[in-house]
Amino acid sequence: MFKTLITGAVLGLSVGAVSLASANNVTHLGGDITEEQVLAAQQAWGEALVNIANTYESDGIEAASELAQSVIESAYGYEMGPVLFKPTLAAAPQTFRTTPEGALAYFVGHSDEFPNDSGFALKGWQEFTIDNAAIFISGDTAMTVGNVSILDSEGNTTTVDKSWGYQLDDEGQLRIVLHHSSLPFTE
């Protein structure tokens, strides 16, 4: 069964002035995943990013690393196999982070194996907005594409192009198995 849902409502999910917009177009080809589950997974990711930044500011790198490790274990599907993770500010030869160690290094830095990582989650992030262009759901897989805007403690906003792929795990939880992030193209 194929159905396309057209939605435009902005959900009022709150963490400070955070908002999470639903997609303008949602394609649902059947399966157990709902749009609400996808939006909740995105909301949890954004909240985790802000929490890691705040934990770093208040409690230091060790506490931020522990929190980041917990987030990676609960949100990403590394226990299912390699995650297709291309972070925003990663460069060759370590562009892709298919292991949890690579993801942790990207988020909090301080890794001898990934010496170029300064810790994306440590940049003082305070708020986020997710604006999905579309969500595609089929069976036990969901994919999204859109923008994530993140506000830092100095009032600067960084907007990235973001694609996520989710897979239901054996317990019925959505796990990130694809995470691609890049800065928007400019001429």
Side-chain angles (χ1 to χ4, degrees), residues 13-20 38-132 144 146-167 169 171 173-184:
L13 303 172
S14 66
V15 172
V18 175
S19 68
L20 183 67
V38 173
L39 296 175
Q42 291 178 324
Q43 177 74 16
W45 184 91
E47 289 175 1
L49 183 67
V50 170
N51 287 337
I52 294 166
N54 290 332
T55 298
Y56 175 65
E57 290 297 320
S58 64
D59 301 324
I61 188 60
E62 188 173 317
S65 294
E66 288 176 17
L67 178 56
Q69 180 68 43
S70 176
V71 167
I72 291 165
E73 289 172 2
S74 65
Y76 288 81
Y78 286 105
E79 74 283 350
M80 299 172 166
V83 170
L84 311 177
F85 182 13
K86 191 285 179 191
T88 311
L89 301 176
Q94 298 177 325
T95 303
F96 305 105
R97 304 306 171 89
T98 59
T99 66
E101 297 81 15
L104 182 63
Y106 181 71
F107 285 118
V108 296
H110 298 83
S111 170
D112 292 337
E113 291 180 55
F114 298 89
N116 295 327
D117 287 347
S118 61
F120 182 78
L122 308 181
K123 298 191 180 298
W125 306 121
Q126 300 298 305
E127 299 175 357
F128 67 97
T129 303
I130 299 172
D131 184 17
N132 291 305
T144 69
N147 295 111
V148 175
S149 297
I150 316 164
L151 179 72
D152 69 19
S153 59
E154 297 179 10
N156 301 308
T157 300
T158 300
T159 299
V160 297
D161 297 336
K162 183 80 74 178
S163 299
W164 275 302
Y166 299 95
Q167 179 73 35
D169 68 10
E171 287 79 42
Q173 299 298 311
L174 282 184
R175 301 293 183 157
I176 299 168
V177 294
L178 167 77
H179 174 164
H180 182 277
S181 184
S182 57
L183 295 171

Going by the rule side-chain hydrogen bond (donor to acceptor under 3.5 Å, both in side chains), which residues pair with Trp125 if we only count those two or more places apart in sequence or in a different chain? none
Which pairs, with at least one residue in residues 78-91 and sequence neighbours excluded, count as a salt bridge (Lys or Arg N to Asp or Glu O under 4.0 Å)? Glu79-Arg175
Partner set under side chain to side chain contact (heavy atoms under 4.5 Å, CB included) for Tyr106, not counting sequence neighbours: Phe85, Pro87, Thr88, Leu89, Arg97, Asp117, Phe120
Atom OG of Ser153 and atom CD of Gln126: how far apart are they, to the nearest 0.5 Å? 5.5 Å
Do the non-hydrogen side-chain atoms of Leu183 and Val160 ever get within less than 4.5 Å of each other? yes
When rounded to the nearest 0.5 angstrom, what distance separates CD1 in Ile150 from OG1 in Thr158? 6.5 Å
For Ile176 and His179, work out which heavy atoms get closest and say how close. CG2-CB, 3.9 Å
Report, one line per pair, each donor and acceptor closer than 3.5 Å where one atom sits in a side chain of residues 62-70; sequence neighbours left out.
from, atom 1, to, atom 2, distance (Å)
Ser65, OG, Ile61, O, 2.9
Gln69, NE2, Glu73, OE2, 2.9

Starting from the C-alpha separation in whole Å, work towards a yes-or-no answer on side chain to side chain donor-acceptor pair (under 3.5 Å) for Gln42 and Thr144. CA-CA 10 Å; Gln42 291 178 324; Thr144 69; 3.2 Å; yes
Pairwise salt bridge (Lys or Arg N to Asp or Glu O under 4.0 Å) hits with a residue in residues 104-113, at least two apart: none
Got a donor-acceptor contact below 3.5 angstrom from the Asn51 side chain to the Glu47 backbone? yes
Distance check, rounded to the nearest 0.5 Å: Ile52 atom CD1 versus Leu122 atom CG? 8.0 Å
So, using side chain to side chain contact (heavy atoms under 4.5 Å, CB included) as the criterion, who are the partners of Asn147 when residues are at least two apart? Thr159, Asp161
Tell me, please, which residues at least two apart from Ser163 pass side chain to side chain contact (heavy atoms under 4.5 Å, CB included). Val145, His180
My understanding is that only residues two or more places apart in sequence, or in another chain, count here; which of them pass side chain to side chain contact (heavy atoms under 4.5 Å, CB included) with Pro100? Ile72, Tyr78
Between Phe128 and Gln43, the two heavy atoms sitting closest are CZ-O, 3.7 Å
Identify, with sequence neighbours excluded, every residue that meets side-chain hydrogen bond (donor to acceptor under 3.5 Å, both in side chains) alongside Lys123. Ser118
Do Lys162 and Trp45 have side-chain heavy atoms sitting under 4.5 Å apart? yes
Can you sort out the partners of Gln167 under side-chain hydrogen bond (donor to acceptor under 3.5 Å, both in side chains), two or more places apart, ordered by chain and number? Asp140, Thr141
